[in-house]
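What follows is a set of notes on a single structure, which appears directly below.
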Amino acid sequence: MAVRPQTRTYLDYNAAAPLRPEARDAALSAMETTGNPSSVHAEGRLARRIVEEARADVARLAGVAPRSVTFVSSATEAANCALNPRLGAGAAPIERLIVGAGEHVCVLAGHRFAAAATEIAPLRGDGRIDLDWLEAASRRPGRALLALQGANNETGVVQPVAEAAALIHAAGGFVFCDAVQLAGRTSCDIGELGADVLALSAHKMGGPKGAGALASARADFSIGERLIRGGGQERGVRAGTENVAAIAGFAAAARWCLAGREAEAARLLALRERLAGAVKAAAPDAAVFGEAAPRLPNTLCFAVPSVEAATLMIALDLAGVAVSSGSACSSGKVTSSHVLAAMGVAPELARGAIRLSLGWASDEGDLERFAEAFEGAIGRMRESRGAALPSLS
Ligand code: PLP
């Protein structure tokens with residue numbers, strides 16, 4: 001098939017997925033709604049109905065009751081809200097926080113625990129949390145809150161959340177799961193994860209930017225110290241008029257995530273494996289990160305020895321292919337990845353980390369355009385640097 005050079009190839013779904021058509025339609029239609037969901041007149045009641053129907057859809061995705069979903073602006077806000085020492089869950093207070101070393105920065109920097117009450121749970125070389133360490137940590141004095149992501153945004157490595165949650169629960173603790181990268185790629189059902197509360201983000205699954213959710217399975221869950229104070233919206237948990245349009249789009253994306261998820265995961269996995277084949281064909285010495293662990297079907301994170309990620313990313317961008325280097329949230333200032341460092345990847349290799357992530361609009365054409373652009377970029381680097389890339393010669 002002829003490659004159309006003017007077509008952009010978007011391989012950065014883990015940073016933001018393109019808006020799904022039904023999410024766009026739902027958001028645009030909700031944007032026409034005049035009323036404030038807190039108003040009692042007909043216009044307000046219509047806006048309220050949109051929010052409550054959306055709550056039921058997001059609740060189905062998370063496997064919780066609708067009243068257990070709180071809409072917020074983003075997963076970052078969800079993490080900042082939930083991870084506070086006054087979190088109410090059960091009779092005993094939460095005294096300490098255990099955070100996975102590969103968590104997103106919104107968890108690592110967004111929690112409200114004192115440094116002395118925070119422990120970082122190490123990762124193994126395959127990117128999964130060290131469960132032996134966690135078991136020992138769970139037995140230490142003080143009721144613990146564990147923050148563990150469902151899957152990593154950089155490597156796609158899926159964490160053993162259910163096993164980790166069982167250890168923490170056996171010691172009377174509580175589990176927060178950042179399920180942002182699970183939604184739309186695999187299940188984010190709270191029962192299957194064994195977590196107590198989940199964070200979700202609309203824009204990672206084909207919804208609009210500006211909506212996220214906290215979803216709890218526990219009847220005794222309360223947010224503790226509120227982050228955003230003011231009116232009594234979201235049952236007093238999160239003040240501020242609801243973002244009705246973004247919430248409506250979020251729900252449409254959630255409905256899509258639940259329908260046909262397994263077929264979509266299989267499709268993405270087949271594309272991802274072919275992307276990996278294209279990388280290895282042009283750069284046989286490329287290292288794939290997290291390969292030994294279960295990974296999301298849509299994510300491929302790799303590095304080519306002695307090729308800087310920033311250089312490769314710019315070359316691919318100029319060729320019409322959008323990829324990410326390390327964490328998208330910190331790209332622009334290319335810092336080395338804390339996730340790869342926690343996995344013990346050598347800094348020289350980690351500096352070359354490129355992430356490809358696929359989603360609902362990804363197709364064969366993307367694969368072909370990536371393969372051509374990547375081969376061209378690596379070929380040019382090889383030519384210009386001669387013996388600097390010996391293993392490619
Ligand atoms: N958690 C993970 C794993 C992510 O990948 C991201 C975004 O990159 C977030 C949390 C933050 O999500 P949001 O953009 O909704 O704040």
Side-chain angles (χ1 to χ4, degrees), residues 10-19 23 58 61-62 69-83 99-111 123 127-129 146-159 161 175-186 188 193 195 197-215 227-228 238 243 246-247 249-250 253-254 257 289-290 293 295-296 298-301 322-333 335 337-340 342-343 353 355-359:
Y10 186 76
L11 299 176
D12 204 10
Y13 280 68
N14 288 7
L19 194 61
V58 172
L61 181 69
V69 169
T70 302
F71 285 120
V72 292
S73 65
S74 60
T76 296
E77 188 190 324
N80 276 249
C81 259
L83 300 174
V99 192
E103 296 302 296
H104 190 270
V105 69
C106 73
V107 168
L108 287 168
H111 71 77
L123 302 186
R128 310 232 293 170
I129 191 172
L146 170 69
L148 182 62
Q149 60 192 190
N152 185 264
N153 47 303
E154 296 182 33
T155 59
V157 168
V158 174
Q159 291 295 341
V161 178
V175 178
F176 166 92
C177 176
D178 168 354
V180 164
Q181 296 294 346
L182 297 178
R185 292 103 166 102
T186 179
C188 59
L193 291 166
V197 64
L198 301 184
L200 294 169
S201 176
H203 74 98
K204 308 287 184 182
M205 55 198 237
K209 297 171 185 75
L214 264 177
L227 192 62
I228 300 189
R238 197 267 189 186
N243 184 347
I247 287 170
F250 185 6
C257 286
F289 302 117
R295 276 177 302 155
L296 293 176
N298 76 323
T299 307
L300 178 70
C301 184
V323 304
S324 166
S325 72
S327 168
C329 296
S330 57
S331 66
K333 54 170 177 97
T335 51
S337 153
H338 70 281
V339 179
L340 297 180
M343 290 165 66
R355 176 189 68 190
L356 312 180
S357 51
L358 303 161

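Counting convention: from 1, in listed order, for ligands and their atoms alike. Predicted model only: the values in this text are computed from it and were never measured.
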For His104 and Val180, run side-chain contact (heavy atoms from CB on, under 4.5 Å): C-alpha distance rounded to whole Å, both residues' side-chain angles, the deciding distance at 0.1 Å, then the answer. CA-CA 10 Å; His104 190 270; Val180 164; over 6 Å; no
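- The shortest N or O to N or O distance between Val180 and ligand 1 is not under 3.5 Å.
- A donor-acceptor contact closer than 3.5 angstrom links the side chains of Asn14 and Arg185.
- Only the side chain of Lys204 comes within 4.0 Å of ligand 1, judged by heavy-atom distances.
- Of the heavy atoms in His203, only side-chain atoms (C-beta onward) come closer than 4.0 Å to ligand 1.
- Heavy-atom proximity to Thr76, at under 4.0 Å, picks out these atoms of ligand 1: 11 (C), 13 (P), 16 (O).
- Contacts between Ala75 and ligand 1, counted as non-hydrogen atom pairs separated by less than 4.0 Å, involve both the backbone and the side chain.
- In summary, the atoms of ligand 1 found under 4.0 Å from a heavy atom of Ser201, numbered by their order in the structure, are 13 (P), 15 (O).
- Two residues are said to be in side-chain contact when any heavy atoms from C-beta on lie closer than 4.5 Å; Ser73 and Arg238 meet this criterion.
- Between the CG atom in Leu300 and the CZ atom in Phe289 there is a gap of 10.5 Å [rounded to 0.5 Å].
- In this structure, the separation between CG on Leu123 and CE on Met343 is 7.5 Å, given to the nearest 0.5 Å.
- At least one heavy atom of Cys106 sits under 4.0 Å from some atom of ligand 1.
- Considering backbone and side-chain atoms alike, Gln149 places every N or O at 3.5 Å or more from each N or O of ligand 1.
- Within the listing of ligand 1, atoms 3 (C), 4 (C), 5 (O) sit less than 4.0 angstrom from a heavy atom of Gln181.
- The closest side-chain heavy-atom distance from Ile129 to Val161 is not below 4.5 Å.
- We find the CZ-OG1 distance between Arg295 and Thr186 to be 14.0 Å, quoted to the nearest 0.5 Å.
- At a heavy-atom cutoff of 4.0 Å, ligand 1 is contacted by the side chain of Asp178 but not by its backbone.
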